[in-house]
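So the structure is just underneath, and the comments pick up after that.
Predicted model only: the values in this text are computed from it and were never measured. Excluded from the calculations below are hydrogen atoms, water molecules and symmetry mates; all remaining heavy atoms, backbone and side chain alike, are included.
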Amino acid sequence: MDSLLGVNEELAEIEGQISDIFRALSNGFQKLEKIKDSNRQSRQLEELTAKMRDCKRLIKEFDRESKDSEYKNDSDTNKMLSEKKQTMIKELNSYVALKKQYTSNLENKRVDLFEGPGEGFAEENVLLASNMTNQQLMDQGNQMMDETDQAIERSKKVVHETIDVGTETAAALKSQTEQMSRIVNELDSIHFSIKKASQLVKEIGRLQLIGALWPCFSLLWLVS
């Protein structure tokens, strides 16, 4: 903070407040490691999250004030202010990641840091985006749109493949159904043929029996 007093008193004051919050966060997470009760851990995380919100707000104030005073500073001073901001961003993001780790361990599904699910990563992206040029932001946006288009094309391909598999399966089932129908018809024909053959065998048996007994009948007739 002393290095900023001769540059901008307001920036020096903001840096001092941010440093106090970082000390409180460090002590808070050390305390959190010693807490065993999950409810107390959740409350401690909520308190630490509130401090991180304050830190985020102060870093944005530091960034705005730095940009407002750029025209009054030399290049070395502006470079020093930019490096300080980057250092504060990295330190805040480290606490964001630590908070997410504890939240995951607690299996706590509450809304994450800075009012939004998964905001830990989003916060890092927002803070880093403030340091990107317009061209870099456009390139990043185009890359994200390209990745989205590729994901959509992959999804469409999966859908088409699923439809093709379903069509092939339906055709195979239809063919198997027709084959089973033919088999049933053939079984009915075989059953009918067996029945007719059985009747024919019985008829032949009766005729053979009559033929065998006929001489006996003829002899009895002559005798009588």
Taking only residues two or more places apart in sequence, or in another chain, which ones meet [X] in a side chain to side chain contact (heavy atoms under 4.5 Å, CB included)?
X: S38; result: L106
X: E83; result: K79
X: T77; result: V7, N73, D74, M80, L81
X: K51; result: I21, A24, L25

Okay, side chain of S19, backbone of E15: is any donor-acceptor separation there less than 3.5 Å?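 Yes.
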
Donor-acceptor under 3.5 Å (S104 side chain, K100 main chain):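 No; judged by distance alone, with no hydrogens or angles, the pair does not exist.
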
Set of side-chain hydrogen bond (donor to acceptor under 3.5 Å, both in side chains) partners for E10, sequence neighbours left out: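 side-chain hydrogen bond (donor to acceptor under 3.5 Å, both in side chains) list for E10, sorted by chain: empty.
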
Is the closest side-chain heavy-atom distance between N78 and S82 below 4.5 Å?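 A side-chain contact is absent here, since even the closest heavy-atom pair is not under 4.5 Å.
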
Qualifying salt bridge (Lys or Arg N to Asp or Glu O under 4.0 Å) pairs, either residue in residues 17-37, two or more places apart: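 Those involving residues 17-37 are D20-R23.
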
Charged N to carboxylate O below 4.0 Å: is that the case for D68 and R64?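 Salt bridge between D68 and R64, a charged N being under 4.0 Å from a carboxylate O: no.
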
By salt bridge (charged side-chain N to carboxylate O under 4.0 Å, His left out) - contacts of E61 (at least two apart):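 Here the qualifying residues are R57.
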
Per the side-chain contact (heavy atoms from CB on, under 4.5 Å) rule, which among L98, L45, T49 passes with T103?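 Single side-chain contact (heavy atoms from CB on, under 4.5 Å) partner of T103 among L98, L45, T49: L45.
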
In Å and rounded to the nearest 0.5 Å, what is the NZ to CZ distance from K67 to F62?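 Rounded to the nearest 0.5 Å, the NZ-CZ separation comes to 12.0 Å.
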
Between atom CG of D63 and atom NZ of K85, what is the distance when rounded to the nearest 0.5 Å?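 These two atoms lie 3.5 Å from each other.
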
Show your reasoning for whether side chain to side chain contact (heavy atoms under 4.5 Å, CB included) applies to Y95 and L48. CA-CA 9 Å; Y95 287 118; L48 294 172; over 6 Å; no

